[in-house]
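Here the structure is laid out as structure tokens; the discussion comes afterwards.
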Amino acid sequence: MREQYPAEIVELKWQKYWEENKTYAASPDKTKPKFYCLEMFPYPSGKIHMGHVRNYSIGDVIARYKRMRGFNVLHPIGFDAFGMPAENAAIDHGIQPAEWTEKNIEAMKVQLKRLGYSYDWEREVATCRPDYYRWGQWLFLRFYEKGLVYRKKATVNWCPACATVLAREQVEDGGCWRCDSEIQLKELEHWFFKITDYAEELLRDCEEKLPAGWPRKVLTMQKNWIGKSKGVEVNFRVSGENIDLPIFTTRPDTIFGVTFMVLAPESPLLERLTAGVANREAILAYADKLRHQDKISRAAADTKKEGMFIGRYAVNPLTGEEIPIYIANFVVMEYGTGAIMAVPAHDQRDFEFAEKYEIPIKIVIQNPELKLNAETLESAYVAEGVLVNSGDFNGQNNLSAIEKISEYIENKGLGQRTVQYRLRDWGISRQRYWGNPIPIIYCEKCGVVPVPDADLPVILPTNLKITGKGGSPLAGSEEFINTTCPKCGAPAKRESETMDTFVDSSWYFARYVSPHDESNPFNTEDANYWLPVDQYIGGVEHAVMHLLYARFFSKVMRDLGLLKADEPFANLLTQGMVIKDGAKMSKSKGNTVDPGRIIEDYGADAARLFILFAAPPEKELDCSDKGVEGSIRFINRVWRLVALNLERLKAASTDYEPNKLSPSGLRVHQKVHWAIDKVTRDIENNFHFNTAISAFMELVNELYSVDPGHESEWACYKNALLTLITMMAPFTPHLSSELWSIMEQPGAVLEQDWPQADQQALVKNELTIVVQVNSKVRTKLVVSADIEQGELKRLALANERVRIYTKGEEPVKIIVVPNKLVNIVL
RNA sequence: GCCGGGGUGGCGAAAUCGGUAGACGCAACGGACUUAAAAUCCGUCGGAGCUAGCCUCUGUGCGGGUUCAACUCCCGCCCCCGGCACCA
């Protein structure tokens, strides 16, 4: 046997064995307790990166650990295979996106297999294959029937580089989430998913169902994104006209302080309101200018507020006061009613606007500590206070006045309490080729006609020329676009746009439960056994995109009767980013680390161990240190432990009586059980694999420090080694499998039960007690574990080093912490 | 501005309930083996001090506090990372 772990030979051998024996296929036996372990599936770029290695190594330890714990584990993998890069490759190199993608999938599968992950490859899905996207279309149609899909003209975010629309979640700092190009705004007919119908439930479950298993950070991000505000919709009326001007406010307590109103420049009321106004043309032209102001900068809080009086007044329904109506850039049409009541004294935005246009400021909430004066006010007063200038409500605390005034408004029929969400409907149309075709047909006579189920899938043609010019490639394909109306049979045209790829990834976790089902997106019975996913693992960058969409889909699929689970992912682990030299890895920065190189140089187990040991999963991981050296060194240390004693180990039994061991043998025995206990707890609580691995290292250090003599010590030693190898199996499956087999152990190490710590062995019979004098450590005593407190005190006081510090003084008190310390206070 | 998470050696990080701060590893340094190197093994490794001891003092972003005892709890700050942000 070699003295070094021959990584490549051993790893390839076991990978072949696992593949041939389908070792990791989930069992169809639904009576067993299940565990569904899922990692976010990759985009098939063709090469895995360190982020993948981290994500999938974490998932693999969990899956293998749960398997050893007796669960029926489902651990699938697939490819999120639609999307821009394939199209770009087509444009740049003339290769068909389908071909390019399948090639990349093949290349990535080789790499994933080379890392030895325990995937059930029989269940692989790729979203770009018709047997998958067919069911995405099918779901679209069910959503459509439920009224959860609609088409409307809307201002949408347009990425000029990707030549497509983006959902709001996909815009980051005014740029495209994928390519960073500056977003433009366009008016387009667009398909939407009505995610807002589920806003309330999506929000509620952030508080009810998910907190036990999701990181608080992600829940907060989702809650902020949904952005629920409770308030009142109040009807203002245009002075002298029969026109209602409803506004939404969360601050009805300030309603007596309204001194003007503002409409969004997009407001459809503007036409009517300005009818007959002298400078109407100028106003409409100005509104037009505001509308075309760059939306990104318009939306920024630090943009200068600007607006214009539109020559009309509204009446405050509570005071009867006439107030001027403005249009301004800081009011957006998409939120609330697209109009606001402005209270400059108590809202900073309104304050800035009022100052600029010299609109009166009226204080209605007085600071109880420092009297406010409208003349000298330098910014809006937004804190708590007492109502003034507010008629019957004077003298009330403003927080309770919110309730009282809301009630008053409702009672008088002036408006009603409502709830507003920041969440908008999800725009899913993409003007791209490499995506799932939207299964809709446009007929001159019948209008919008859904493709009948029997005609699914709408196949994405794979023989198009992708040039990147002139709009959606599908629109240019006569063969694709021309069809007949399923209703009347007349010539009709297909929808030429495809779905956002986030649609494809919103339900893939369900497809894995029955990936080959040819009559349903997935089998309901299988889904009800396997779902929800017990552990989902992926990057935090999907906190409000993928994870929100998938939750939405899951709830709709439940309401369609396709599955029972309310939430798709019971537990979520968001791993930290992999960085290099303190910066995010990227090709443009040239600071990438290629996992392929590490595997080549050190092997898969070393790569896995390194990435798991470097930091706890949720933390950022810097790849720049030379930690891989350490992990291969450790693997070789374990290897040699067997290699150097192989014959003796094979000959040894594993039966021994702990209380008949020599002191060093007993130390090994205790260390093993300490390690079992520690590793188990580290995995169970928060997956702290780094400290679990450090426990392996400590155990190995212990094994190197002893020299077994007689038979029972060898038995103890062998048992310790086998336990170590067993516990390491989820982390280093190749090494463990090989050592298990070399030691001629029956069966496979990966099928062993997870070891159990013997509580007896965890109990120490000797303890080291710290002795402090005035809270400073002065000495340590090694005592028998069952020592009496009085005896311990006596020993401590009698100790020579202690006496140097007590100098004969009588202690004020002596604190004894059982099994830990004695503190003598003078 | 609001919300969330952080701040511990040269570095990555440990530290159940408030009870020995720095486990485990990386790097570095010294030594053994070797003709030499690699590999391996042994040792040192937060800072300061001299009397060189299993010593003393000091040390977990800063300033206070509670406590016999604080990385840990409380109050007030500073800094870093992530998210949201004219959302009425």
Side-chain angles (χ1 to χ4, degrees), chain A residues 3-4 172-173 215-225 227-229 231 247-251 254 262 264 298-305 328-332 334-343 347-350 352-353 382 420-424 540-541 543-544 576-577 582 610 613-616 618-631 633-634 636-637 640 678 681 685 688 690-698 700-701 704 768-780 801 804 811-826:
Chain A
E3 285 202 16
Q4 278 203 16
E172 291 170 351
D173 287 331
R216 204 178 17 218
K217 175 183 178 164
V218 176
L219 292 174
T220 310
M221 283 167 77
Q222 293 220 348
K223 281 191 260 182
N224 288 345
W225 191 262
K228 180 178 181 173
S229 307
I247 58 94
F248 173 76
T249 181
T250 55
R251 294 294 306 274
T254 64
V262 187
R298 185 181 145 190
D302 50 15
T303 298
K304 281 236 173 66
K305 288 157 192 55
N329 58 347
F330 71 98
V331 174
V332 297
E334 293 81 21
Y335 188 79
T337 62
I340 63 160
M341 65 176 209
V343 186
D347 181 290
Q348 187 55 29
R349 295 155 302 182
D350 301 348
E352 285 166 30
F353 193 82
V382 293
Q420 285 288 332
Y421 298 94
R422 213 188 69 104
L423 182 71
R424 310 282 156 81
V540 72
E541 63 272 20
V544 278
M577 265 198 307
F610 156 65
F613 181 60
E618 70 280 1
K619 263 200 150 176
E620 253 180 18
L621 184 149
D622 201 312
C623 246
S624 45
D625 49 79
K626 305 211 289 171
V628 209
E629 300 274 356
S631 65
R633 204 172 293 162
F634 173 66
N636 278 322
R637 263 169 84 76
R640 278 195 309 273
K678 166 116 181 106
R681 278 186 293 116
N685 315 327
H688 278 185
N690 56 331
T691 50
I693 293 166
S694 81
F696 298 149
M697 290 170 168
E698 284 195 51
V700 168
N701 290 345
Y704 270 100
T768 303
I769 302 289
V770 172
V771 182
Q772 300 179 325
V773 178
N774 277 343
S775 307
K776 285 193 175 165
V777 179
R778 293 307 179 187
T779 193
K780 289 157 197 176
R801 278 197 44 79
I804 295 172
V812 176
K813 59 174 157 176
I814 302 175
I815 288 144
V816 179
V817 181
N819 304 336
K820 287 219 168 103
L821 65 68
V822 176
N823 188 5
I824 297 161
V825 185
L826 295 176

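Quantities reported herein were computed from a predicted structural model and do not represent experimental measurements. Values below: all heavy atoms of this structure, side chains included; hydrogens, waters and symmetry mates excluded. Note on naming: letters A, B, ... go to the chains in the order of the sequence lines (proteins, then strands), and numbering restarts at 1 for each one.
For the pair A:Ser229 and B:A88, the criterion of a side-chain N or O lying under 4.0 Å from OP1 or OP2 is met. For B:U40, neither phosphate oxygen OP1 nor OP2 lies less than 4.0 angstrom from any side-chain nitrogen or oxygen of A:Arg637. For B:G53, the OP1/OP2 oxygens have no side-chain nitrogen or oxygen of A:Arg778 closer than 4.0 Å. Contact between the side-chain N/O atoms of A:Lys305 and the OP1/OP2 oxygens of B:A88 is not found at any separation under 4.0 Å. Between B:A14 and A:Asn690, a contact under 4.0 Å exists linking OP1 or OP2 to a side-chain N or O.
Here the separation of B:A38 from B:U44, taken at their C1' atoms, is 23 Å to the nearest Å. Here, B:U72 and B:G18 have their C1' atoms 6 Å apart, quoted to the whole Å. B:C2 and B:C68 are spaced 37 Å apart, taking the P atom of each and rounding to whole Å. Across B:U60 and B:U8, the matching P atoms stand 11 Å from one another, rounded to whole Å. Comparing the same atom, C1', in B:G9 and in B:G46 gives a spacing of 5 Å after rounding to whole Å. Here the separation of B:A70 from B:G59, taken at their C1' atoms, is 14 Å to the nearest Å.
Using the Watson-Crick or G-U wobble rule with both distances under 3.5 Å, B:U56 pairs with B:A48. As the counterpart of B:C73, B:G65 is assigned, both hydrogen-bonding distances of the Watson-Crick or G-U wobble pattern falling under 3.5 Å. Base pairing of B:G4 is made with B:C81, judged by Watson-Crick or G-U wobble geometry with both donor-acceptor distances under 3.5 Å. Nucleotide B:U34 has no partner under the Watson-Crick or G-U criteria, as no pair reaches both atom distances under 3.5 Å.
Not counting sequence neighbours, A:Ile804 has no partner by the side chain to side chain contact (heavy atoms under 4.5 Å, CB included) test. Scored by the side-chain hydrogen bond (donor to acceptor under 3.5 Å, both in side chains) test, A:Thr220 finds no partners at all (sequence neighbours excluded). A search for side chain to side chain contact (heavy atoms under 4.5 Å, CB included) contacts involving A:Arg422 returns A:Arg168, A:Trp225, not counting sequence neighbours. For the side chain to side chain contact (heavy atoms under 4.5 Å, CB included) test, residues two or more places apart in sequence or in another chain that qualify with A:Pro215 are A:Val218, A:Leu572, A:Thr574. Applying the side-chain hydrogen bond (donor to acceptor under 3.5 Å, both in side chains) criterion to A:Arg637, with sequence neighbours excluded, gives A:Asn701. Judged as a side chain to side chain contact (heavy atoms under 4.5 Å, CB included), and not counting sequence neighbours, the contacts of A:Val817 are A:Ile815, A:Lys820, A:Leu821. For the ring pair (Phe, Tyr, Trp, His ring centres under 6.0 Å) test, no residue two or more places apart in sequence or in another chain qualifies with A:Phe613.
Nucleic acid contact for A:Pro616: sugar-phosphate only, since backbone atoms but no base atoms lie under 4.0 Å from a heavy atom of the residue. At the heavy-atom level, A:Ser631 lies nowhere under 4.0 Å from the strands shown. Among the atoms of the strands shown, none is found under 4.0 Å from any heavy atom of A:Lys678. When heavy atoms are screened at a 4.0 angstrom cut-off, A:Lys780 is found touching base atoms of the nucleic acid. Looking at heavy-atom distances under 4.0 Å, A:Arg424 makes contact with a base. In this structure, A:Gly630 reaches the sugar-phosphate backbone alone: every heavy-atom distance under 4.0 Å involves primed, P, OP1 or OP2 atoms, never a base. The residue A:Arg633 sits close only to the backbone: its heavy atoms come under 4.0 Å of sugar-phosphate atoms, none of a base. Within the 4.0 angstrom heavy-atom criterion, only backbone atoms of the sugar-phosphate kind lie near A:Asn701; the bases stay farther away.
Taking a 4.0 Å limit (strictly below) on heavy-atom distances, residues 819-826 of chain A reaches RNA chain B at A:Lys820, A:Leu821, A:Asn823, A:Val825.
Of the two residues contacting RNA chain B, namely A:Thr220 and A:Ser775, the nearest-nucleotide position lying further toward the 5' end is that of A:Thr220. Between A:Phe248 and A:Lys813, it is A:Lys813 whose nearest contact on RNA chain B lies nearer the 5' terminus.
Proximity note for A:Arg422 (side chain, C-beta onward) versus B:A23, B:C84, B:G83: the nearest is B:C84. Proximity note for A:Thr250 (side chain, C-beta onward) versus B:C24, B:C68, B:A88: the nearest is B:A88. Of the candidates B:G19, B:A39, B:G83, B:G83 carries the atom nearest the A:Met221 side chain, counting heavy atoms from C-beta on. Of the candidates B:C24, B:A88, B:C41, B:C41 carries the atom nearest the A:Arg640 side chain, counting heavy atoms from C-beta on. Of all nucleotides listed (B:C57, B:G82, B:U16), B:G82 comes nearest to the side chain of A:Lys217.
Between A:Phe330 and A:Phe353, the ring planes are tilted. Angles from 30° to 60° get that label.
Rounded to whole Å, atom P of B:G18 lies 16 Å from atom CD of A:Gln772. Between the NE2 atom of A:His688 and the P atom of B:G25 there is a distance of 19 Å, given to the nearest Å. Here the P atom of nucleotide B:C86 and the CZ atom of A:Phe330 are 13 Å apart, to the nearest Å. Per the geometry, CZ belonging to A:Arg216 stands 8 Å off P belonging to B:G6, to the nearest Å.
Base orientation of B:C62: anti (glycosidic angle beyond 90° from 0). More than 90° away from 0 lies the glycosidic angle of B:G10, which makes this nucleotide anti.
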I would like to know whether A:Lys619 and A:Met577 meet side chain to side chain contact (heavy atoms under 4.5 Å, CB included); could you show each step before the answer?
CA-CA 7 Å; A:Lys619 263 200 150 176; A:Met577 265 198 307; over 6 Å; no
Evaluate the side chain to side chain contact (heavy atoms under 4.5 Å, CB included) criterion for residues A:Arg801 and A:Val771: first the C-alpha distance (whole Å), next the side-chain angles of each, then the deciding distance (0.1 Å), finally the verdict.
CA-CA 10 Å; A:Arg801 278 197 44 79; A:Val771 182; over 6 Å; no
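Summarising the geometry of A:Asn823 relative to A:Ser775, their closest heavy-atom pair is OD1-N, 3.0 Å, with the distance given to 0.1 Å.
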Show me the protein contacts with nucleotides 44-52 of chain B, counting only N or O atoms at under 3.5 Å.
none

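With a 4.5 Å cut-off on side-chain heavy atoms, A:Val773 and A:Leu826 count as touching.
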